[in-house]
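Notes to accompany the following structure.
What you see is a predicted model, and the numbers here were worked out from it, not measured in a lab. All chains are named by letter (A, B, ...) in the order of the sequence lines, taking the proteins before the strands, and each is independently numbered beginning at 1.
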Amino acid sequence: MKQELEQAVSAAVKDLFGADVSVELTRPDEQFGDYATNVALQLAKQVGKNPREVAEQLAGSLREKLAETVKSVDIAGPGFLNLTLTDKALTSVLNAQPAKPLEGKKILVEYSDPNPFKPLHAGHLYTTLVGDTLARLIENAGAKPVRLNYGGDVGLHVARCMWGIIHDLWGELPDKLAAIPEADRASWLGMCYVKGTEAYESNEAAKAEIIAINKRVYQLHAEGDHDSPFARIYWTCRKWSYEYFAVLYQQLQVVPFDRFIPESEVTPLGVRTVREQLQKGVYKESDGAIVFEGEPHGLHTRVFINSEGLPTYEAKDVGLLLTKWQDYHYDKSYYITANEQAQYFQVMFKSVEQFLPEAVERAVSMTHGVVKLQGGVKMSSRKGNVVTALEILDAAREAGKETGTNPSEETILAAVKYAFAKNRIGGDIVYDPKESIALEGNSGPYLQYAHARARSILAKASDSRHSEQSEESTQQILHSVQDDAELEAEERGLLRKITEYNEVVERATSELMPHHICTYLYELAQKFNQFYEHNRVIGDDRKAVRLALVQHYADTLKSGLELLGITAPERM
RNA sequence: GCGCCCUUAGCUCAGCGGAUUAGAGCGUCUGUCUUCGGAACAGAAGGUCGUAGGUUCGAAUCCUGCAGGGCGUACCA
């Protein structure tokens with residue numbers, strides 16, 4: 001409907017003024033109409049006329065051309081055109097199929113990216129949810145996204161943890177690992193990591209040992225060593241890490257990843273490529289390291305291979321980018337990480353652009369903010385108040401218990417996911433467990449309830465007269481609004497809001513900003529509650545229309561929640 | 001120092017070129033209703049959109065300076 005109207009307006013503009021303008025219809029305040037456009041203001045200058053005059057002419061033409069679907073065309077303010085659809089036309093929007101702009105596209109989405117041998121903190125939970133939602137949006141738009149999860153199983157952080165492990169075991173004694181209870185594995189690894197990190201920073205001898213361990217880990221991969229005591233420790237603990245990640249993903253109920261790419265898998269290709277491109281002058285030697293000089297491009301210089309001859313994150317990421325390109329030849333490849341890596345990606349991309357521009361052109365780094373606690377305190381591992389990913393879920397459960405309503409696990413998840421989804425991606429977010437689980441306000445549980453409430457009406461209605469098919473619903477509304485029979489104000493208000501759904505999803509998808517969906521769903525629920533407060537459904541003369549409206553409302557809310565990875569239970 | 005990002009009601013956030021009323025939620029205050037699930041509805045108070053300029057018919061939205069905050073800035077990821 002929106003597109004048809006835009007075309008009609010743009011055709012009218014062409015007829016009257018011979019001008020080409022991109023017409024964009026917006027949703028104005030309900031009191032003004034269903035759609036609005038400012039083309040007259042844009043045109044005024046081009047045509048050399050006063051905007052109101054332009055608007056008058058356009059309005060006249062549109063009233064004639066769109067008599068079928070538009071009830072009124074009004075001119076407001078300096079020259080805005082407000083279009084109000086007939087109830088029948090507005091109802092027909094319910095039949096519109098959502099656009100599939102990404103049909104047939106191959107899109108990679110890399111997110112979550114936890115490092116084996118390191119704990120999962122609150123930021124991992126956030127980045128996992130952001131990625132999961134974006135991938136859902138992309139899938140909803142018709143593409144088949146490839147969900148990738150990349151993680152550092154080689155590198156200095158691994159060496160620090162390995163150092164801690166070996167010290168805690170009093171030697172390279174893999175058999176002693178069996179003594180660690182399964183439930184304690186993750187926290188034990190976390191403890192070893194902290195130990196190793198502290199030693200690295202404060203103890204020169206330990207630092208040298210850790211650097212040596214770092215080399216041995218790379219070597220172990222190069223040789224395919226699975227049998228030496230050192231290797232047995234490494235592989236066992238790496239496996240434990242992946243098992244620990246799986247627990248989080250399982251609890252979060254995110255869509256499973258298509259592929260886990262450990263850094264060790266792409267490291268050789270990255271190193272080889274950087275060395276090759278060193279010969280071609282893309283990378284340069286400097287102080288024994290291999291770097292990319294970013295300054296000529298307005299960026300900064302970064303080390304890709306350090307003076308020990310070992311690859312840094314940079315070289316590995318070059319290997320990852322090439323691996324993605326070779327394996328998928330993607331149309332688009334998204335990297336979802338925290339803001340602190342934003343400029344890093346620019347440098348890494350710029351370097352690869354020098355020899356593989358087509359792969360970089362289609363790669364996009366999207367970054368999000370940091371998770372903070374109430375009061376805006378940043379979570380810091382240095383200060384020891386690091387909050388782990390699983391602790392966020394526990395905090396929500398705890399807050400749920402305190403409400404006395406004992407929310408289900410399904411509602412706990414809704415609370416957490418919605419709290420993280422409702423803010424625009426990019427800024428830091430403050431997580432407040434109490435607010436997220438709150439029974440009132442803009443929260444996940446509120447929306448689940450708003451859905452369950454509507455379903456219970458539908459269930460009650462179908463008790464009294466068998467099944468209520470959703471296909472019939474549109475017909476029911478259509479039928480009752482034919483022959484100029486009109487909808488009542490609150491019915492129409494709810495219907496209007498429901499018809500915005502596809503437009504909101506399209507916007508959220510094109511901008512990759514799922515929070516628009518949250519804002520919309522909350523408004524939708526409010527519209528429903530307004531309607532519901534003043535209008536009886538069952539037992540009223542207008543039962544058929546109203547039941548159909550409730551049906552569409554519930555279905556719309558459910559679809560929206562699903563895009564956010566939130567379930568919509570029938571009852572709570 | 002340089003680069004990137006941020007600054008909207010007491011708090012948490014939408015809005016990101018348009019409609020002289022800048023929107024929500026929470027919190028505060030006040031009403032409605034013996035409810036097809038009240039986890040509701042109606043209303044009030046609360047903001048010179050960090051600051052100073054500029055562009056524009058029109059700026060919270062674009063540009064520039066300044067202040068405050070965050071992140072990055074060579075061998076971490």
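Taking the six-membered ring where the residue is Trp, the centroids of A/Tyr313 and A/Tyr344 are separated by under 6.0 Å. Taking the six-membered ring wherever Trp is involved, the centroid distance between the rings of A/Tyr449 and A/Tyr446 does not fall below 6.0 Å. For an aromatic pair to be called close, the ring centres must be under 6.0 Å apart, and A/His297 with A/Phe349 fails this. The ring of A/Tyr193 has its center no closer than 6.0 angstrom to the ring center of A/Tyr200.
Within the nucleic acid shown, A/Glu570 comes within 4.0 Å of at least one base atom, counting heavy atoms only. A/Pro28 comes within 4.0 angstrom of a base, heavy atoms only. Looking at heavy-atom distances under 4.0 Å, A/Asn214 makes no contact with the nucleic acid at all. Across all strands shown, A/Asp428 has heavy atoms under 4.0 Å from sugar-phosphate atoms exclusively, and none from any base. Among the heavy atoms of the strands lying under 4.0 Å from A/Tyr522 are primed sugar atoms or P, OP1, OP2 only; no base atom is included. Across all strands shown, A/Glu263 has heavy atoms under 4.0 Å from sugar-phosphate atoms exclusively, and none from any base. Nucleic acid contact class of A/Asn442 (heavy atoms, under 4.0 Å, all strands): sugar-phosphate only. Residue-level contact check: A/Leu156 touches the backbone only, with heavy atoms under 4.0 Å from sugar-phosphate atoms and none from bases. Residue A/Thr519 is classed as a sugar-phosphate contact, given heavy-atom separations below 4.0 Å to backbone atoms only. Nucleic acid contact class of A/Ala44 (heavy atoms, under 4.0 Å, all strands): none. Across all strands shown, A/Leu41 has heavy atoms under 4.0 Å from base atoms, whether or not it also approaches the sugar-phosphate. A/Ala452 comes within contact range of at least one nucleobase, with a heavy-atom separation under 4.0 Å. If you check every strand for non-hydrogen atoms under 4.0 Å, A/Tyr313 touches a base. A/Asn38 comes within 4.0 angstrom of a nucleotide base, judged by non-hydrogen atoms across all strands.
Across all strands shown, B/G72 pairs with B/C2; the Watson-Crick or G-U wobble distances both stay below 3.5 Å. Base pairing annotation: B/A40 forms a Watson-Crick or G-U wobble pair with B/U32, both donor-acceptor distances under 3.5 Å. Pairing for B/G50 is with B/C66, a Watson-Crick or G-U wobble pair whose two hydrogen-bonding atom distances lie under 3.5 Å. Nucleotide B/G27 forms a pair with no other nucleotide shown, judged by Watson-Crick or G-U wobble geometry with both contacts under 3.5 Å. In this structure B/A19 sits in no base pair that meets the Watson-Crick or G-U test at under 3.5 Å. Across all strands shown, B/U55 forms no Watson-Crick or G-U wobble pair with both key distances under 3.5 Å.
Nucleotides B/U8 and B/U48 have their P atoms positioned 13 Å apart, rounded to a whole Å. On the C1' atoms, B/G69 is 46 Å away from B/G37, given to the nearest whole Å. Across B/U20 and B/C49, the matching P atoms stand 16 Å from one another, rounded to whole Å. With both ends at atom P, the span from B/G23 to B/A44 equals 12 Å, rounded to whole Å. Look at the C1' atom in both B/C5 and B/A9: the space between them is 24 Å, to the nearest Å. Comparing the C1' positions of B/C26 and B/A45 gives an interatomic distance of 15 Å, to the nearest angstrom. Comparing the C1' positions of B/G17 and B/A59 gives an interatomic distance of 7 Å, to the nearest angstrom.
With A/Glu491 as the fixed residue, the salt bridge (charged side-chain N to carboxylate O under 4.0 Å, His left out) test singles out one of A/Arg496, A/Lys543, A/Arg542: A/Arg542.
Closest-nucleotide positions on RNA chain B for A/Gln31 and A/Glu511 were compared, and the one nearer the 5' end corresponds to A/Glu511. Mapping A/Gly441 and A/Ser286 onto RNA chain B via the closest heavy atom, the residue that lands nearer the 5' end is A/Gly441.
Here the nucleotide nearest the side chain of A/Glu340, chosen from B/G25, B/G72, B/C75, is B/G72. Listed nucleotides B/C75, B/G37, B/U73 differ in distance to A/Ile457; the shortest reach to its side chain belongs to B/G37. Comparing B/G72, B/A19, B/A14 against the side chain of A/Phe32 picks out B/A19 as the nearest. Across B/G37, B/C75, B/C13, the shortest atom-to-atom separation from the side chain of A/Val430 is found for B/C13. Candidate nucleotides B/A77, B/G15, B/C41 were compared by shortest atom distance to the side chain of A/His516, and B/G15 ranks first. Nearest nucleotide to the A/Arg424 side chain, out of B/A77, B/C75, B/G15: B/G15. Side-chain proximity of A/Arg507 to B/G15, B/A77, B/C16: nearest is B/C16. Here B/A39 is the nucleotide among B/G18, B/A39, B/A19 with the atom lying nearest to any side-chain atom of A/Leu439. Residue A/Arg453 has its side chain nearest to B/A40 when only B/C76, B/A40, B/G18 are considered. Proximity note for A/Glu440 (side chain, C-beta onward) versus B/C36, B/A40, B/A77: the nearest is B/A40.
Remark: A/Gln526 is in phosphate contact with B/G25, judged by side-chain N or O atoms under 4.0 Å from OP1 or OP2. For A/Arg302 and B/A74, the shortest distance from a side-chain N or O to OP1 or OP2 is not below 4.0 Å. A/Gln42 has no side-chain polar atom (N or O) that falls below the 4.0 Å cut-off from OP1 or OP2 of B/G18. Under 4.0 angstrom from either OP1 or OP2 of B/G15 there lies at least one side-chain N or O belonging to A/His515. The phosphate of B/A77 (OP1 or OP2) has a side-chain N or O of A/Lys316 nearer than 4.0 angstrom.
Atom pair A/Asn529:CG and B/A24:P shows a separation of 16 Å (rounding to whole Å applied). Counting to the nearest Å, the P atom of B/C76 and the CD atom of A/Glu201 are 12 Å from each other. Between the C1' atom of B/C13 and the OH atom of A/Tyr418 lies a distance of 11 Å, rounded to the nearest Å.
Ring geometry for A/Tyr501 against A/Tyr520 counts as tilted: the plane angle lies between 30° and 60°, on a 0 to 90° scale.
At a cut-off of 3.5 angstrom, counting only N and O atoms as typed in the model, there is a donor on one side and an acceptor on the other between the side-chain of A/Asn82 and the base of B/A19. No hydrogens or angles were tested; on distance alone, nothing pairs the side chain of A/Thr312 with the base of B/C76 as donor and acceptor under 3.5 Å. Counting atom types as modelled, A/Gln343 pairs a side-chain N or O with a base atom of B/G3 as donor and acceptor under 3.5 Å.
Between A/Glu308 and A/Asn306, the side chains place no donor N or O within less than 3.5 Å of an acceptor N or O (distance only, hydrogens not considered).
Within a 6.0 Å radius of CD in A/Glu353, more than 12 heavy atoms belonging to other residues, nucleotides or ligands are found.
When atom types are taken as modelled, the side chain of A/Asp287 and the backbone of A/Ala289 share no donor-acceptor pair closer than 3.5 angstrom.
Residues A/Leu320 and A/Leu269 form no side-chain contact, since every pair of their non-hydrogen atoms from C-beta on lies 4.5 Å or further apart.
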